[in-house]
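Here is the structure we will look at.
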2 protein chains.
Amino acid sequence: MSVKKFATEIRREQIAQAAVELIASQGMKGFNMAGLARQVGVAPSAIYHHFKNKDEVIEAVLDHLQNRLLGNVRSVLSMTPHPLDQLKQLLAAHVELVVGHSAMPRILFSEDIYGGKSEHRSRLKDIIMRYISELASIFRQGQQVRSIRPELDPEALAVMFLGLLQPTAILWHLSDGEFDAKKQVEKGWSIFAEAIRP
Amino acid sequence: MSVKKFATEIRREQIAQAAVELIASQGMKGFNMAGLARQVGVAPSAIYHHFKNKDEVIEAVLDHLQNRLLGNVRSVLSMTPHPLDQLKQLLAAHVELVVGHSAMPRILFSEDIYGGKSEHRSRLKDIIMRYISELASIFRQGQQVRSIRPELDPEALAVMFLGLLQPTAILWHLSDGEFDAKKQVEKGWSIFAEAIRP
DNA sequence: CCCTCAACTGAATGTATATTCACATTAGCT
DNA sequence: AGCTAATGTGAATATACATTCAGTTGAGGG
């Protein structure tokens with residue numbers, strides 16, 4: 001059989017990428033080593049040359065997720081100087097991420113991670129906490145330039161900000177894309193934005 | 001062996017109750033027929049005299065969940081006449097539900113339902129939609145008595161309301177109860193409440 | 001070109017789980 | 001008490017996985 005071989009460095013990347021796609025389309029429930037191997041185009045046992053086990057693949061997926069999230073933040077920060085605009089754009093980017101490529105919520109809502117191995121849990125917690133801390137620093141920035149009321153707790157605002165998206169994402173998923181996530185988030189944002197203005 | 005027998009009507013209730021407790025403590029991942037049977041005190045095969053299969057047990061759990069949620073709503077509605085007070089108390093009750101007895105988020109975030117059998121998905125969607133519609137009618141009530149700005153979309157407000165709790169619940173779980181859910185929700189509510197006041 | 005080693009294969013193993021079935025036991029009616 | 005149908009049991013079956021391993025193959029340096 002003519003089977004192409006790749007350096008493990010390359011394969012790891014291919015496998016991680018395939019895992020993200022698989023989770024995005026099938027969810028954690030339908031994510032298994034055989035399916036992953038098929039997606040990559042190798043035998044299941046080949047995966048084990050590049051990853052110790054399934055958990056390690058999941059780790060790689062979480063890394064990918066974190067890079068994606070923080071990448072969003074960095075990219076938005078560089079696009080506009082106004083904290084409120086940054087937040088609005090971040091929200092839009094976040095919606096795109098959830099609606100276009102649903103790996104994130106599927107991982108977030110998955111018990112394999114959420115209620116599974118404690119290492120994955122704390123890894124996921126770190127990712128969310130870091131994201132919240134990035135958000136909080138944008139809110140703080142906004143307070144310094146007097147665009148946001150100074151007495152509000154930036155961390156609490158960051159958590160609220162996530163709340164603008166999260167139930168929306170769930171509804172969007174449960175309704176098979178019928179629920180208008182974009183409109184909901186826009187309405188939520190306009191109420192939220194006005195509430196935090198001085 | 002002296003094994004007590006029960007009418008199927010009673011057993012169904014016992015089994016459903018045990019299932020809810022099991023899911024609350026172990027999550028969907030650790031919820032299996034053998035464990036359920038052990039919790040009830042019967043052999044695994046006995047379950048099948050009362051439920052066709054695991055899916056039917058899950059149905060019963062979802063029923064339980066729905067009753068609990070709508071029960072919260074009805075009880076709060078009868079306790080105070082002011083829509084804003086009703087909402088505040090509902091939020092508190094919701095926090096209690098999530099923090100005290102974590103079956104709800106564990107089910108909500110579980111792929112077994114979220115990404116599983118489409119009947120479960122639409123069942124879950126119905127539950128959430130009904131809850132949202134109850135919330136929306138409270139918001140509408142508030143608009144009628146001029147406690148809430150009339151131009152805001154009640155359904156959108158209902159979804160936002162859920163957003164006050166949901167990321168908080170996730171953080172609470174991921175941090176093993178360390179994150180102060182109550183305080184976060186209070187802060188979120190006070191910002192939200194002020195934002196929707198005329 | 002060929003040799004070596006990392007990359008790969010296919011089959012085997014082990015485990016966890018839902019579900020079924022032939023048989024046993026209990027509750028409750030007459 | 002004795003009968004009967006509902007309720008329960010234990011063992012067997014089936015499936016879906018992750019993971020391992022002995023051997024095979026291809027790519028790149030000598």
Side-chain angles (χ1 to χ4, degrees), chain A residues 1-19 22-23 25-62 106-107 110-113 115-117 119-120, chain B residues 1-19 22-23 25-62 106-107 110-113 115-117 119-120:
Chain A
M1 304 287 151
S2 66
V3 182
K4 205 154 191 185
K5 292 188 178 181
F6 289 92
T8 195
E9 204 175 319
I10 312 265
R11 269 293 193 232
R12 273 187 73 98
E13 197 44 51
Q14 289 179 352
I15 292 169
Q17 182 60 39
L22 216 56
I23 291 170
S25 67
Q26 316 273 319
M28 268 288 168
K29 192 81 188 296
F31 167 62
N32 55 59
M33 298 303 265
L36 178 58
R38 205 177 321 122
Q39 178 98 355
V40 177
V42 298
S45 49
I47 307 281
Y48 290 85
H49 277 265
H50 310 293
F51 291 90
K52 188 161 142 266
N53 51 30
K54 193 179 180 181
D55 280 343
E56 218 179 81
V57 177
I58 291 176
E59 296 270 309
V61 170
L62 288 175
R106 295 201 114 136
I107 290 171
S110 132
E111 277 244 321
D112 287 72
I113 292 170
K117 297 265 184 303
E119 293 146 17
H120 292 159
Chain B
M1 303 286 152
S2 65
V3 182
K4 204 154 192 184
K5 292 190 178 180
F6 290 92
T8 194
E9 206 175 317
I10 312 266
R11 269 292 194 233
R12 272 187 73 97
E13 198 44 52
Q14 289 179 353
I15 292 169
Q17 182 59 41
L22 216 56
I23 291 170
S25 66
Q26 315 274 317
M28 269 287 168
K29 192 82 188 295
F31 167 61
N32 56 60
M33 298 302 265
L36 177 58
R38 205 178 319 121
Q39 178 99 353
V40 177
V42 297
S45 49
I47 307 280
Y48 290 84
H49 277 269
H50 310 293
F51 291 90
K52 190 162 141 266
N53 51 32
K54 192 180 180 182
D55 280 344
E56 218 180 81
V57 178
I58 291 175
E59 296 271 309
V61 170
L62 288 176
R106 296 200 113 138
I107 289 171
S110 131
E111 277 246 319
D112 286 74
I113 293 171
K117 294 266 184 304
E119 295 145 18
H120 293 160

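These numbers come from the heavy atoms of this one structure, side chains and all, not from hydrogens, waters or symmetry mates. Predicted model, so just to flag it, every value in this text is computed and none were measured.
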Could you work out, with side-chain contact (heavy atoms from CB on, under 4.5 Å) as the rule, every residue matching A/A46, not counting sequence neighbours?
A/V42
Do you know which two heavy atoms are closest between B/G35 and B/L22, and how far apart they sit?
C-CD2, 3.8 Å
Taking all non-hydrogen atoms of both residues into account, name the closest pair between B/I47 and B/A37 and its distance.
CD1-CA, 4.0 Å
Heteroatom pairs (N/O) under 3.5 angstrom, protein to nucleotides 27-30 of chain D:
none

NE2-CD1 distance between B/H120 and B/I107, expressed to the nearest 0.5 angstrom:
10.5 Å
For DNA chain C, the residues among residues 26-41 of chain A that have a non-hydrogen atom under 4.0 Å from it:
none
Suppose we screen for side-chain contact (heavy atoms from CB on, under 4.5 Å). Which residues come up paired with B/Q14, at least two apart in sequence or across chains?
B/F6, B/I10, B/R11, B/V40
Residues within residues 8-16 of chain A bordering DNA chain D, heavy-atom distance below 4.0 Å:
none
Please list, chain by chain and in numerical order, all residues satisfying side chain to side chain donor-acceptor pair (under 3.5 Å) with B/S45, sequence neighbours excluded.
none
Can you name the residues that form a side-chain contact (heavy atoms from CB on, under 4.5 Å) with B/A16, not counting sequence neighbours?
B/A60
Where is the tightest heavy-atom contact between A/R106 and A/M28, given as atom of each residue plus distance?
O-CG, 4.2 Å
Looking at residues at least two apart in the chain, or sitting in another chain, which of them share a side-chain contact (heavy atoms from CB on, under 4.5 Å) with B/E56?
B/R12, B/F51, B/K52, B/N53
For residues 27-41 of chain B, which residue pairs qualify under salt bridge (charged side-chain N to carboxylate O under 4.0 Å, His left out), counting only residues two or more places apart or in two chains?
A/D112-B/K29
Short of 4.0 Å, heavy atom to strand atom, which residues of residues 44-53 of chain B count as contacting DNA chain C?
B/S45, B/Y48, B/N53
Does A/Q39 have any side chain to side chain donor-acceptor pair (under 3.5 Å) partners at least two apart in sequence or in another chain, and if so, which?
A/E21
A/T8 meets the side chain to side chain donor-acceptor pair (under 3.5 Å) criterion, sequence neighbours left out, with A/H50
